[in-house]
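Structure first, then comments.
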2 protein chains.
Amino acid sequence: MKKKVSIHDIAKQLNVSAATVSFVLNGKAAEKRISEEMEQKILKHVNLLGYRPNRIAKSLRTGKSKIIGMLVEGIADPFFSAIARIIEEQAYKLDYKIFYASTENDSRITRNIIGAFRDTQVDGYIIVPPPGIEDDIQALMDDNFPVVLFDRYFPGLATCNIVVDNFDGVYQAMRHFLQHNYKNIGLVTIPSSQTQMRDRLNGYHHAITESGRTPYVKTIAFDLKPDQEKISHEIKLFLQEHRQIDAILFATNYLAISGLEAIKQLGKSVPRDIAVIGFDDNTHFSLFSPSITAVAQPIREISEHIMQQLMACLTGHEKAPEKKTTVLQTKLIIRESSQKQ
Amino acid sequence: MKKKVSIHDIAKQLNVSAATVSFVLNGKAAEKRISEEMEQKILKHVNLLGYRPNRIAKSLRTGKSKIIGMLVEGIADPFFSAIARIIEEQAYKLDYKIFYASTENDSRITRNIIGAFRDTQVDGYIIVPPPGIEDDIQALMDDNFPVVLFDRYFPGLATCNIVVDNFDGVYQAMRHFLQHNYKNIGLVTIPSSQTQMRDRLNGYHHAITESGRTPYVKTIAFDLKPDQEKISHEIKLFLQEHRQIDAILFATNYLAISGLEAIKQLGKSVPRDIAVIGFDDNTHFSLFSPSITAVAQPIREISEHIMQQLMACLTGHEKAPEKKTTVLQTKLIIRESSQKQ
DNA sequence: TTATACTATTTAATCGATTAAGCAAAACGC
DNA sequence: GCGTTTTGCTTAATCGATTAAATAGTATAA
């Protein structure tokens with residue numbers, strides 16, 4: 001194991017001080033009046049030895065880790081992993097690295113992770129917040145850490161937020177159902193009062209009220225998430241109880257999956273017996289038979305806005321960038337599952 | 001912004017030395033003969049102030065970062081993200097954190113990432129290696145870094161490897177086709193000579209030869225991966241060229257997706273006109289109509305073996321654990337797409 | 001009584017960088 | 001020719017921990 005070379009090794013071998021080497025390596029040669037000749041000599045030798053600065057030491061001295069902490073509900077969720085992929089790509093370009101962690105939408109787990117990230121001195125946070133975590137987020141901000149929330153947010157907190165127009169996304173899906181003459185439109189959602197779910201629910205009720213229809217809402221406990229079977233079962237019961245339902249909107253991706261399973265098990269045909277739209281698109285929805293209509297979130301746009309905001313805070317010279325909520329538009333991808341043949 | 005408290009602050013406030021505090025916090029009170037009384041006093045005060053050690057400083061001193069670098073082909077790929085999720089979970093339990101990065105199976109990108117990870121002083125590496133990266137992996141090992149490869153490996157390198165029995169996985173799929181009396185079985189794969197793909201191809205040829213059938217192999221250039229349309233197109237041409245094909249095995253998940261699209265576009269019916277099996281299962285395969293038969297990899301088992309191996313190396317007291325290749329078995333999940341009704 | 005051992009803690013070096021402040025030599029001004 | 005700048009570097013402190021070695025005080029042994 002070849003021992004690591006430090007800036008002092010370089011300095012000693014060239015009979016200069018470590019400071020000089022440091023200045024050159026940080027592009028401060030001119031500023032610090034290092035001669036052209038010396039600069040070249042150092043650069044050449046650094047290349048020769050393949051020396052690379054120890055980032056830990058650098059971090060300790062500068063107080064910057066060049067690491068961003070990213071907390072999502074679950075890294076295996078296709079929506080979040082797609083965003084993670086793009087964020088990662090951009091971060092590397094900007095010489096940042098990303099710590100991911102999954103919160104399972106649990107505040108205790110989230111609190112732990114935030115603690116661990118703080119210990120590691122991450123420079124900034126990208127968070128999909130679970131409920132009940134306001135104080136911890138506020139604490140981060142009090143300590144001047146850049147924080148960007150996405151997917152949902154806390155109206156009471158002055159954070160940067162990147163979200164989609166959940167209300168309008170659902171509203172458009174509902175309009176589509178109504179235009180295709182569906183009469184009894186149900187919603188399957190989760191019992192969350194967080195912004196994203198609340199807005200989807202509001203969008204539903206708005207469309208229902210506006211059109212004078214009857215609402216049919218089924219709420220599936222969040223802790224069933226790992227148990228697809230149980231969710232299917234609940235949805236089956238719901239559909240059997242309200243046989244008049246001829247169209248249904250699923251408020252999340254995994255509910256749509258289990259919902260389709262339920263419909264299949266009931267022997268009903270999509271969209272003949274019942275039309276379907278899912279919130280969040282999915283690579284596979286186009287391949288289902290019938291293909292599934294979905295409210296798609298603009299993944300790339302979301303990711304880019306997140307990084308833009310975070311970088312603005314991270315490089316912000318004292319004056320913190322305005323805290324604001326960016327609302328992006330969803331897109332209804334119309335496929336077979338929502339239109340009678 | 002409340003300024004951070006350091007171990008020296010604690011020490012000063014209690015009129016003891018930082019060393020004493022450090023010993024207590026690292027559970028070395030007994031070993032270092034710190035009095036019970038002093039220990040309690042320190043612990044109490046540490047709790048009171050909510051002091052948490054700076055990990056960067058600790059890392060600099062100890063040379064350990066408690067970070068594991070994980071390089072996969074793409075974090076958005078469901079197979080890799082599922083594994084990442086489990087690894088993450090286990091790592092946090094063991095007080096490690098994970099850096100993920102996507103290699104896109106490109107050696108240049110991979111080399112860059114490895115460089116970046118080294119600069120950050122990660123303690124160990126979990127790698128899904130792209131081709132042509134042997135020397136870089138060897139260099140890591142020469143420098144005594146724990147390295148675990150998975151999904152594929154280099155037979156010439158003495159690394160720890162966790163893989164599945166790709167040969168047998170494909171062979172079983174083929175046996176299944178043959179038992180259901182399919183005559184002309186095609187394989188759609190990618191032009192990779194890496195172990196995982198080579199073994200799948202060998203499994204195919206072995207079954208074909210053994211049964212005296214004719215092989216039909218279509219190789220899809222890897223760089224088409226982002227372009228589902230083009231892949232579908234290629235597969236359509238292949239199927240039109242060999243109209244006798246009545247069963248087809250897709251060597252990767254994304255090929256199966258595009259392949260199904262191709263079959264759909266050709267107006268053929270699965271499994272009546274053509275039967276299908278995919279390598280790698282997928283949460284949604286059971287929901288497709290027909291549902292898709294798949295060779296499933298044991299995700300949890302793979303993840304656990306990876307962590308086990310890595311931890312063995314990481315905590316290995318000098319004597320490096322034996323380098324070995326662990327081969328896990330796949331499971332054929334039989335669904336509708338591979339059996340004539 | 002004096003040497004020795006043990007106890008409980010401190011001192012100080014160290015990890016590998018950054019950076020404010022310092023300083024000698026050369027150049028410049030008059 | 002002497003003071004003042006400028007040039008081109010170096011010195012040394014610092015970030016916040018860890019840890020080998022040192023030390024002061026007390027107990028034990030011969």
Side-chain angles (χ1 to χ4, degrees), chain A residues 2-43 45-46 49-67 95 118-123, chain B residues 2-43 45-46 49-67 95 118-123:
Chain A
K2 53 178 185 243
K3 60 182 177 308
K4 291 257 256 329
V5 331
S6 81
I7 199 168
H8 292 284
D9 298 327
I10 301 281
K12 215 170 294 167
Q13 288 165 32
L14 291 178
N15 263 310
V16 298
S17 77
T20 308
V21 178
S22 174
F23 291 141
V24 168
L25 289 177
N26 288 292
K28 300 197 178 149
E31 181 190 334
K32 295 292 176 177
R33 289 188 282 250
I34 308 292
S35 66
E36 177 78 9
E37 184 194 16
M38 169 72 33
E39 187 180 1
Q40 289 310 317
K41 187 164 96 181
I42 291 175
L43 288 175
H45 197 245
V46 159
L49 293 204
Y51 161 77
R52 305 188 63 165
N54 181 324
R55 287 215 170 219
I56 299 265
K58 183 168 187 156
S59 291
L60 178 58
R61 185 63 239 262
T62 62
K64 301 279 154 230
S65 64
K66 290 282 190 173
I67 296 174
D95 194 29
R118 290 191 73 140
D119 293 349
T120 323
Q121 322 289 124
V122 312
D123 291 343
Chain B
K2 54 180 184 243
K3 63 184 172 304
K4 291 257 254 330
V5 332
S6 80
I7 199 169
H8 292 284
D9 298 327
I10 301 280
K12 215 170 293 166
Q13 288 165 31
L14 291 177
N15 262 312
V16 297
S17 77
T20 308
V21 179
S22 174
F23 291 142
V24 168
L25 289 176
N26 288 292
K28 299 199 178 147
E31 179 191 335
K32 295 292 176 176
R33 292 185 280 250
I34 307 293
S35 67
E36 178 77 11
E37 182 194 17
M38 167 80 12
E39 188 180 1
Q40 290 310 317
K41 187 164 95 181
I42 290 175
L43 287 176
H45 197 246
V46 160
L49 294 203
Y51 161 76
R52 304 187 65 164
N54 180 324
R55 286 206 165 230
I56 299 265
K58 185 169 187 155
S59 291
L60 179 58
R61 186 63 238 262
T62 61
K64 301 279 154 228
S65 63
K66 291 283 193 171
I67 295 173
D95 192 29
R118 291 190 72 142
D119 293 349
T120 322
Q121 322 290 120
V122 313
D123 290 344

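In what follows, chains carry the letters A, B, and so on, assigned in the order in which the sequence lines appear, proteins first and then strands, with residues in each chain numbered from 1. Computed from a prediction, not measured in an experiment: that's the story for all the values here.
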Notebook entry, point to check: With B:Ser59, which residues qualify under side-chain hydrogen bond (donor to acceptor under 3.5 Å, both in side chains), at least two apart?
Noted result: none
Next item on the list: Would you mind listing every salt bridge (charged side-chain N to carboxylate O under 4.0 Å, His left out) that reaches into residues 53-64 of chain B, with sequence neighbours excluded?
Entry: B:Arg55-B:Asp95
Margin query: How bent is the helix from C:dT1-D:dA30 to C:dC30-D:dG1, measuring the angle between the end axes built from five pairs each, rounded to 10°?
Written below: 60°
Check: Among all residues two or more places apart in sequence or in another chain, which pass the side chain to side chain contact (heavy atoms under 4.5 Å, CB included) test with A:Lys12?
Finding: none
If you look only at distance, which donor and acceptor atoms sit under 3.5 Å apart when one is on a side chain in residues 14-28 of chain A and the other is two or more places apart or in another chain?
unit_1	atom_1	unit_2	atom_2	d
A:Ser17	OG	A:Ala19	N	3.4
A:Ser17	OG	A:Thr20	N	3.3
A:Ser17	OG	A:Thr20	OG1	3.1
A:Ser22	OG	A:Asn26	ND2	3.4
A:Asn26	ND2	A:Ser22	O	2.8

Table of protein N/O atoms under 3.5 Å from nucleotides 23-28 of chain C N/O atoms:
none

Checklist line | Per-nucleotide protein contact string for nucleotides 8-18 of chain D (B base, S sugar-phosphate only, - none; heavy atom under 4.0 Å) | finding: BBBB-BBBBBB
Check: In chain order, what residues pass the side-chain hydrogen bond (donor to acceptor under 3.5 Å, both in side chains) check against A:His45, with sequence neighbours excluded?
Finding: A:Gln13
Can you give each donor-acceptor pair under 3.5 Å made by side-chain atoms of residues 33-42 of chain A, sequence neighbours left out, with the distance rounded to 0.1 Å?
unit_1	atom_1	unit_2	atom_2	d
A:Ser35	OG	A:Met38	N	3.2

Note to self: Tell me every residue that passes salt bridge (Lys or Arg N to Asp or Glu O under 4.0 Å) with B:Asp9, counting only those two or more places apart in sequence or in another chain.
What the structure shows: none
Note to self: Between A:Thr120 and A:Val122 (side chain of the first, backbone of the second, donor and acceptor by atom type, cut-off under 3.5 Å), is there such a pair?
What the structure shows: no
Check: When rounded to the nearest 0.5 angstrom, what distance separates CG in B:Asp119 from CG in A:Asn54?
Finding: 8.5 Å
Next item on the list: Please report the shortest heavy-atom distance between A:Ser65 and B:Ile56, naming the atom on each side.
Entry: CB-CD1, 4.4 Å
